[in-house]
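Because the structure is a prediction, the values reported are computed rather than measured.
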Amino acid sequence: MPPKPVPAKAGQTSSKTPSRQRRPQKQQPAPLADRLKRLFSSLCAQVDGGHFTNAIRTCNKILRLDPGDRDALRTKLFLLLQTEQYDTALTLIAEINEQCLFERSYALYRLQREEDSVQLLREIKSIGKDAEQRGAMHLEAQLSYRQGSYQSSLDIYNELLETADPSSDEHADILTNLSASQSHQDFITTTFMQAMSQLPSSIASTLESAPPPVLSQPASILAPVEEPTKKPEAVESQKKLRAKRVPKGIIPGVSPPPDPERWLKKSERTSYTQGKKRRGAGGGATQGAAVGAESGTVSAAASHGGKTGGKGKGGKKK
């Protein structure tokens, strides 16, 4: 007999009855501090790897969560200068409540606004911040080099070279810029003067006193170059016709021309005749000749049998 079902107790549900499916609860967003921590860790990895464009996007995400974060603002300003977005950098500096004199001066220098950059450098010198003084000296040397004050640039680079670490990248950069400034200064002081002294006095005096030359046609700096006229013979020689390709073993005018119907089927050619007889079937003889031959052999056999008929089955020797 089958086992009796055990009745369920009050307050209990049987195991066979399906339980109600629970709706998936929406995941709550992570706290703001955790999200900022993750973004800053990504930002550090991007800056160390040199991925400045992605790092700027990460800074924008941080600033959406915390618009007043100073670290994100300063990092974004550094990244804009590294990616040569100087106009955007100046706009960001205006939004920041800090002065950022050196960054603003450097952006103006790269935008060819040397006078504004020099004024900001003077303010940096008057303030006297040690953190910005060395960077300001580098920028001042570059401004002096661009403006043609090579001796001033040399003095600044020599001063920086004395306090630079020989194993640092700054030391190598200073040596490169120092060499460029020295070569320009030598040209002005010695090379140019030696070249002038070698000229005759009449030419040297006129060169020093003569006004700069004025171009008669400023619109066209270079004189128009006339194209050389080509000779008709040369043109004809260049346009030589290539000889036609002739198959091997064919002599034009001697060899017979090819069959014009060579591309057609054999059944479509004019030389094709339908119902040709097979060769070698009857040995070249006609059907009547074969029948006659057969009758000749039969008659010959009959005549031969007539002569030897006594030696057959019916004949007996006497």
Side-chain angles (χ1 to χ4, degrees), residues 52 74 77-90 92-94 98-215 218 221-222:
F52 295 148
R74 299 286 298 184
L77 178 58
F78 165 78
L79 294 170
L80 290 174
L81 294 176
Q82 289 292 325
T83 54
E84 299 182 358
Q85 303 181 35
Y86 304 114
D87 293 325
T88 310
L90 289 175
L92 182 62
I93 291 171
E98 299 179 3
Q99 291 183 351
C100 301
L101 295 177
F102 175 73
E103 289 81 1
R104 188 186 302 174
S105 178
Y106 179 76
L108 293 172
Y109 161 74
R110 296 303 301 266
L111 292 173
Q112 308 293 329
R113 296 167 59 179
E114 288 84 0
E115 296 181 358
D116 298 335
S117 180
V118 169
Q119 292 179 1
L120 290 174
L121 286 176
R122 292 172 183 171
E123 293 183 13
I124 294 172
K125 287 183 177 180
S126 62
I127 294 172
K129 289 184 179 180
D130 296 336
E132 296 182 351
Q133 286 298 324
R134 194 167 187 82
M137 290 177 67
H138 277 280
L139 186 55
E140 185 180 0
Q142 293 178 8
L143 279 167
S144 301
Y145 180 85
R146 180 182 289 182
Q147 293 174 351
S149 302
Y150 303 113
Q151 186 60 46
S152 176
S153 178
L154 277 172
D155 297 338
I156 297 172
Y157 281 128
N158 285 322
E159 184 178 354
L160 289 171
L161 189 63
E162 293 176 357
T163 56
D165 185 8
S167 61
S168 63
D169 295 336
E170 181 190 9
H171 189 270
D173 293 339
I174 292 172
L175 288 176
T176 303
N177 296 332
L178 185 64
S179 176
S181 302
Q182 187 67 50
S183 62
H184 280 79
Q185 184 65 21
D186 292 342
F187 174 78
I188 293 174
T189 55
T190 59
T191 308
F192 176 73
M193 299 304 296
Q194 288 177 2
M196 290 292 295
S197 63
Q198 293 176 1
L199 294 174
S201 59
S202 59
I203 298 176
S205 61
T206 55
L207 286 176
E208 294 178 357
S209 60
V214 180
L215 296 175
I221 299 175
L222 299 177

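Here CG of Leu143 is found 6.0 Å from CG of Leu121. Values are rounded to the nearest 0.5 Å. Here the straight-line distance linking atom CZ of Phe102 with atom NE2 of His138 works out to 8.5 Å at 0.5 Å rounding. A distance of 13.0 Å separates CD of Glu159 from CG of Leu154, quoted to the nearest 0.5 Å. A distance of 9.0 Å separates CG in Asp165 from CD in Glu170, rounded to the nearest 0.5 Å. Rounded to the nearest 0.5 Å, atoms CD (Glu84) and CG (Leu111) are 10.5 Å apart. To the nearest 0.5 Å, the span separating CG on Asp173 from OH on Tyr157 amounts to 9.0 Å.
Between Ile124 and Gln133, the shortest heavy-atom contact is O-NE2, 3.0 Å. Considering every non-hydrogen atom in both Met193 and Ile188, the closest pair reads CG-O, 3.9 Å. Closest approach of Ile156 to Ala141, counting heavy atoms only: CG2-CB, 3.8 Å. Nearest heavy atom pair, residue Tyr150 against residue Ser181, reads CB-O, 4.0 Å. Closest heavy-atom contact between Ala107 and Leu90: CB-CD2, 3.8 Å. Shown here for Arg74 and Cys100, the closest heavy-atom pair between the two residues is NH1-SG, 3.0 Å.
With Ser117 contributing its side chain and Ser105 its backbone, the two residues share a donor-acceptor pair below 3.5 Å. Of the possible donor and acceptor atoms, one in the side chain of Ser144 sits under 3.5 Å from a partner among the backbone N and O of Glu140. Side-chain atoms of Ser179 do not come within 3.5 Å of backbone N or O of Thr176 as any donor-acceptor pair. Looking at Arg134, its side chain does come within 3.5 Å of a backbone N or O of Leu160 through a donor-acceptor pair. Judged purely by atom type and a 3.5 angstrom limit, Arg146 uses its side chain to pair as donor or acceptor with the backbone of Tyr109.
You'll find the side chain of Asn177 stays beyond 4.5 Å of the side chain of Tyr145, heavy atoms only. Residues Gln85 and Leu79 are not in side-chain contact: their nearest non-hydrogen atoms beyond the backbone lie 4.5 Å or more apart.
Side chains of Asn158 and Glu162: no donor on one and acceptor on the other come within 3.5 Å. No side-chain N or O of Gln147 forms a donor-acceptor pair with one of Ser149 less than 3.5 Å apart.
Annotation for Asp169: atom CG does not count as buried by contact number, only 12 or fewer foreign heavy atoms lying within 6.0 Å. Enclosure of atom CD in Glu115 is not indicated, since only 12 or fewer non-hydrogen atoms of other residues, nucleotides or ligands lie within 6.0 angstrom.
Ring-plane geometry between Phe187 and Phe192 is classed as tilted, the angle between the planes lying from 30 to 60 degrees on a 0 to 90 degree scale.
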